Amino acid sequence: MPPSIKQTLHQATQGLKPCSDTARLDAEVLLAHVLQKDRSYFYTWPEEAVAESTLQRFFELVDRRAEGEPVAYLTGWQEFWSLKLKVTADTLIPRPETEILVQEAIGLLREDASYEIVDLGTGSGAIALAIAVERPRCHVLGIDQSNPALQVAADNALRLKITNATFRQGDWLTGFAEASIDMIIANPPYVAEFDPHMSEGDVRFEPRSALLAGPEGLDDYKKILPEARRCLKQGGCLLLEHGYDQQDRLLDLMQRNGFKDARGIKDYAGRPRVVIGHT
Ligand code: GLN
């Protein structure tokens, strides 16, 4: 007798428990991926038998997950701001806490605004695409130094039919004209070089260049801030995601670089997560 969906999920969940806090969810997402179904299918048809070939493919993925590989890299997909995004090992996996950055940006953009917005270190294009969807008259340009990441972002835009976000290779704001951008937004690398959390969880598999930023995790902000001040128009604004213990230092750096009304925002978990400054 081949095992049922229910039995298969139970077995995989037990196997994943020692290494994942979200064992049941991981098992469901991986089985849904292999079966090309929604997770809701499992609740409707728990007794359905799982074919041998499916089991084999599924448990291969479960084993890789047990070794720590992120679910998003195993399926190739991650949801962000209700967009289904392709992700690869060349891109950071979009985090739910980054949605606060999108929400704050949108809050600053009138619905009929037609601004020029730049997303620095765009990766899979998550932030750029979410803003582009919410503000269809704006143009969002996603910049990244990694060509493989830009390819993923461009694929996402194409598949989601989002035409007001475009992507281009670059080194932060090098080459941009003075006072040419209305809004700059970034989730740059901000993890400190020897942060012990680099040896735990998903980050072990993510591109180090998208995570690490010098001894205090502030190196990239120090490059971005003066350039952003130069490239923003009068009345423009800069929004940056940051680590939970960096907000005070960033607010200080923003003021020193000539940004006005700098303020910090907490994420949905109540941790300081975003700073906003104006020109
Ligand atoms: N939020 C990510 C983490 O803590 C870091 C993302 C980043 O460096 N931009 O793993």
Side-chain angles (χ1 to χ4, degrees), residues 19-22 26 65 68-74 78-81 85 87-105 118-131 142-146 148-150 152-153 167 170-173 184-225 227-228 238-251 253-254 264-277:
C19 44
S20 171
D21 295 336
T22 52
D26 295 357
R65 177 66 190 133
E69 267 189 76
V71 174
Y73 288 161
L74 294 173
Q78 174 70 33
E79 269 200 40
F80 180 82
W81 198 265
L85 299 174
V87 294
T88 71
D90 292 311
T91 67
L92 200 72
I93 301 164
R95 311 278 202 269
E97 60 263 30
T98 300
E99 291 182 357
I100 195 78
L101 188 62
V102 172
Q103 185 182 313
E104 291 297 325
V118 174
D119 171 29
L120 296 174
T122 196
S124 63
I127 296 167
L129 294 167
I131 295 176
I143 300 288
D144 209 288
Q145 62 175 9
S146 156
L150 289 163
V152 174
F167 298 94
D171 176 19
W172 300 131
L173 291 159
I184 297 172
I185 184 160
N187 174 19
Y190 57 67
V191 179
E193 227 154 33
F194 300 108
D195 187 325
H197 113 265
M198 284 300 291
S199 58
E200 297 161 17
D202 288 2
V203 288
R204 290 171 295 168
F205 294 82
E206 292 180 295
R208 294 174 75 77
S209 61
L211 289 163
L212 296 180
E216 296 179 296
L218 297 174
D219 285 11
D220 289 292
Y221 297 119
K222 289 179 183 165
K223 286 184 207 147
I224 291 169
L225 279 158
E227 289 186 40
L238 171 68
L239 297 94
L240 298 170
E241 179 175 320
H242 60 75
Y244 72 97
D245 57 353
Q246 293 169 328
Q247 192 163 85
D248 290 345
R249 280 174 292 170
L250 267 180
L251 288 171
L253 280 172
M254 274 192 144
I265 308 281
K266 290 186 172 150
D267 63 19
Y268 307 119
R271 282 183 296 255
R273 180 64 65 192
V274 170
V275 288
I276 305 179

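Computed from a predicted structure; not experimentally measured. Both counts, for ligands and for their atoms, begin at 1 and track the order of listing. Scope of the values below: all heavy atoms of this structure, side chains included, with no hydrogens, waters or symmetry mates.
Across all their heavy atoms, Ala213 and Pro189 have their closest contact at CB-O, 3.3 Å. Of all the heavy atoms in Pro94 and Leu85, the pair that sits closest is CG-CD1, 4.1 Å.
Numbered from 1 in the order shown, with element, the atoms of ligand 1 that lie under 4.0 Å from a heavy atom of Asn187 read 7 (C), 9 (N). Taking a cut-off of under 4.0 Å to the non-hydrogen atoms of Val203, the atoms of ligand 1 that pass are 10 (O). Heavy-atom contacts of Pro189 reach the following atoms of ligand 1: 8 (O) (cutoff under 4.0 Å).
Using a 4.0 Å cutoff on heavy atoms, Ala210 counts as a contact of ligand 1. Look at His197 and you'll find a heavy atom under 4.0 Å from some atom of ligand 1.
Looking at Leu150 and Thr122, their side chains come closer than 4.5 Å, going by heavy atoms from C-beta outward. At a threshold of 4.5 Å between non-hydrogen side-chain atoms, the residues Thr88 and Pro148 do not count as touching.
Atom OH of Tyr268 has more than 12 heavy atoms from other residues, nucleotides or ligands within 6.0 Å.
In this structure, the separation between CG on Asn187 and NE2 on His242 is 10.5 Å, given to the nearest 0.5 Å.
Geometrically, ligand 1 and Arg273 share no nitrogen or oxygen pair separated by less than 3.5 Å. Taking any N or O of Pro188, backbone or side chain, at least one lies under 3.5 Å from an N or O belonging to ligand 1.
The protein heavy-atom contact nearest to atom 1 (N) of ligand 1 is Tyr190 OH, 2.8 Å. Among all non-hydrogen protein atoms, the one lying nearest atom 3 (C) of ligand 1 is Arg95 NH2, 3.6 Å.
Proximity of a side-chain donor or acceptor of Arg271 to a complementary backbone N or O of Lys266 within less than 3.5 Å is not detected.
Here Leu211 has heavy atoms under 4.0 Å from ligand 1 in both its backbone and its side chain.
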